[in-house]
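Presented below is the structure to which this report refers.
Remember, it's 1-based here, ligands and their atoms both numbered in the order they're listed.
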Amino acid sequence: MNMRVWAVANQKGGVGKTTTAVALAGLLAEDSARTLLVDMDPHGSLTTYLGFDAEAAGPGVYELFRAKVGDAAGIDEDALIRKTAVEQLFLMPSSPAMATLDRQLGARAGMGLVLAEALQRLNGRFDRVVIDCPPMLGVLMINALVACERLIIPTQTEFLALGGLQRMLRSLAMVERSRGVRIPYLVVPTLFDSRTRASQSCLESLKADYPGAMSRVVVPTDTQVREASRAGLPVGSWPAARRAGEAYRALMQEVLELEQPLAQAGAA
Ligand SMILES: Nc1ncnc2c1ncn2[C@@H]1O[C@H](COP(=O)(O)OP(=O)(O)OP(=O)(O)O)[C@@H](O)[C@H]1O
Ligand SMILES: [Mg+2]
């Protein structure tokens, strides 16, 4: 069976991308899928979240890109992957040096395919891959969009955050044109506070503007989310974060249902 690859991205910072990537991957792993998280953000929040020192996590995404310029055939993907404290959950870590990749490799041909090719070689080793993206467009984000079959766009329910969603969708359209495929996406409202009018009306306008792409799930603001990340555990594995945990469980279910037709088409 083919490995299924989801990317989590938005061209706005602080909207819950990393939290969402860890939560979904944690639930998939709990569901006994061998799951790989890929940290494409030079800031390494995901790597840190899972208890690694991003400055010294050892070989990871950076080395993958460097190897492409040198000797791609010689790279051993196994050396780039760490076991995490969560059973069945693995990590390809980030490092701060990734911030220099755009400058180093941006214009070279074939640089958009580095992650997709690596995942191809890892096919069969994992059931699921979840890619966490940086909040800006560059060679790392492009690689994630090229490698994924589905995009999850966490969107903070706040008007200032809507521009990030629009930029994200323009970038997605650009990658779709160059890949010659449609990449289905799901807009997931996050940090929703039902007590504020701003949250409410932002959610309404999201629903009005992106009717076909809205998740049925809304992730509420839950102060325990930060505690879960402090403990290095996915939200679903932190019982006190019950509200956000339930939302992420429903989101995982929704995405699995969405990919059902794909799986059936493949089996036919
Ligand atoms: N549902 C939630 N309730 C409360 N706090 C949340 C929730 N989701 C995320 N947070 C907090 O908001 C902050 C930003 O979340 P996160 O790091 O997931 O966003 P991001 O989009 O990955 O940010 P960046 O663009 O910097 O990578 C974190 O401190 C996180 O703990
Ligand atoms: Mg992040």
Side-chain angles (χ1 to χ4, degrees), residues 6-27 37-52 54 57 60-61 91-96 98-99 130-138 140-141 143-145 148 151-158 160-169 171-172 185-196 198-200 202-203 206 215 217-252:
W6 304 344
V8 181
N10 189 332
Q11 275 170 246
K12 168 91 172 72
V15 297
K17 296 180 292 296
T18 300
T19 304
T20 299
V22 181
L24 289 176
L27 290 167
L37 269 166
V38 180
D39 190 351
M40 294 295 269
D41 188 347
H43 287 133
S45 315
L46 167 62
T47 300
T48 309
Y49 189 133
L50 293 174
F52 296 87
V61 173
L91 170 71
M92 193 184 288
S94 155
S95 76
M98 281 158 58
V130 180
I131 308 168
D132 186 27
C133 291
M136 64 281 182
L137 182 63
L140 292 160
M141 162 107 63
N143 266 269
L145 296 180
C148 74
L151 177 63
I152 294 164
I153 313 179
T155 303
Q156 187 175 356
T157 44
E158 186 211 284
L160 277 176
L162 298 183
L165 171 59
Q166 285 158 4
R167 287 195 297 281
M168 187 65 238
L169 292 177
S171 304
L172 180 67
Y185 65 91
L186 195 63
V187 175
V188 182
T190 56
L191 291 154
F192 179 74
D193 183 349
S194 58
R195 294 164 309 179
T196 70
S199 257
Q200 302 261 21
C202 186
L203 180 60
L206 278 173
S215 169
V217 175
V218 175
V219 182
T221 297
D222 179 341
T223 53
Q224 284 295 324
V225 166
R226 196 157 291 154
E227 298 307 315
S229 74
R230 196 168 294 158
L233 287 173
V235 165
S237 309
W238 186 255
R242 187 184 51 79
R243 280 154 37 83
E246 277 172 9
Y248 280 119
R249 219 170 278 278
L251 178 62
M252 178 187 71

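Side chain to side chain, Trp238 and Gln224 meet the donor-acceptor criterion of an N or O pair below 3.5 Å. In summary, the side chains of Gln11 and Ser171 do present a donor paired with an acceptor at a separation below 3.5 Å, with no hydrogens or angles considered.
Of the protein's non-hydrogen atoms, Lys17 NZ, 2.7 Å is the one closest to atom 21 (O) of ligand 1. Of the protein's non-hydrogen atoms, the one nearest atom 10 (N) of ligand 1 is Val225 CG1, 3.8 Å. Nearest protein neighbour of atom 17 (O) of ligand 1, counting heavy atoms only, is Thr18 CB, 4.0 Å. For atom 3 (N) of ligand 1, the closest non-hydrogen atom of the protein is Asp222 N, 2.9 Å. Counting protein heavy atoms only, atom 19 (O) of ligand 1 is closest to Gly16 N, 3.0 Å.
A side-chain donor-acceptor contact under 3.5 Å links Ser94 to the backbone of Asp41. Side-chain N or O atoms of Thr157 include none that pairs as donor or acceptor with a backbone N or O of Ser199 at under 3.5 Å. Remark: side-chain polar atoms of Tyr49 are paired, donor with acceptor, to backbone N or O of Leu233 under 3.5 angstrom. The closest donor-acceptor contact from the side chain of Thr18 to the backbone of Leu46 lies at 3.5 Å or more, if one exists at all. Using a distance-only test at 3.5 Å, with no hydrogens or angles considered, a donor-acceptor pair links the side chain of Asp222 to the main chain of Ala244. Using modelled atom types, no side-chain atom of Lys12 and backbone atom of Gln156 make a donor-acceptor pair closer than 3.5 Å. At distances below 3.5 Å, at least one donor-acceptor pair connects side-chain atoms of Gln200 with backbone N or O atoms of Ser194. In terms of modelled atom types and a separation under 3.5 Å, the side chain of Arg249 and the main chain of Leu27 share no donor-acceptor contact.
Close approach to Gly13 involves these atoms of ligand 1, each under 4.0 Å from a residue heavy atom: 25 (O). Within the listing of ligand 1, atoms 27 (O) sit less than 4.0 angstrom from a heavy atom of Asp41. Listed by number with element, the atoms of ligand 1 under 4.0 Å from a non-hydrogen atom of Gly14 are 19 (O), 20 (P), 21 (O), 23 (O), 24 (P), 25 (O), 26 (O).
For Pro220, every heavy-atom contact with ligand 1 shorter than 4.0 Å involves the backbone, none the side chain. Neither the backbone nor the side chain of Asp132 comes within 4.0 Å of ligand 1, counting heavy atoms alone.
Between Thr221 and ligand 1, no N or O atom pair is found at a separation short of 3.5 Å. Between Ser229 and ligand 1, no pair of N/O atoms sits closer than 3.5 Å.
If you check each of Thr20, Asp193, Leu191, Val219 against atom 7 (C) of ligand 1, the one with the closest non-hydrogen atom is Leu191. The closest non-hydrogen atom to atom 11 (C) of ligand 1, taken over Met136, Arg226, Gln156, comes from Arg226. The closest heavy-atom contact to atom 15 (O) of ligand 1, among the options Thr48, Leu46, Thr19, Val15, comes from Thr19.
The Mg ion (ligand 2) does not have Thr19 among its coordinating residues (no N/O/S atom, backbone or side chain, under 2.8 Å).
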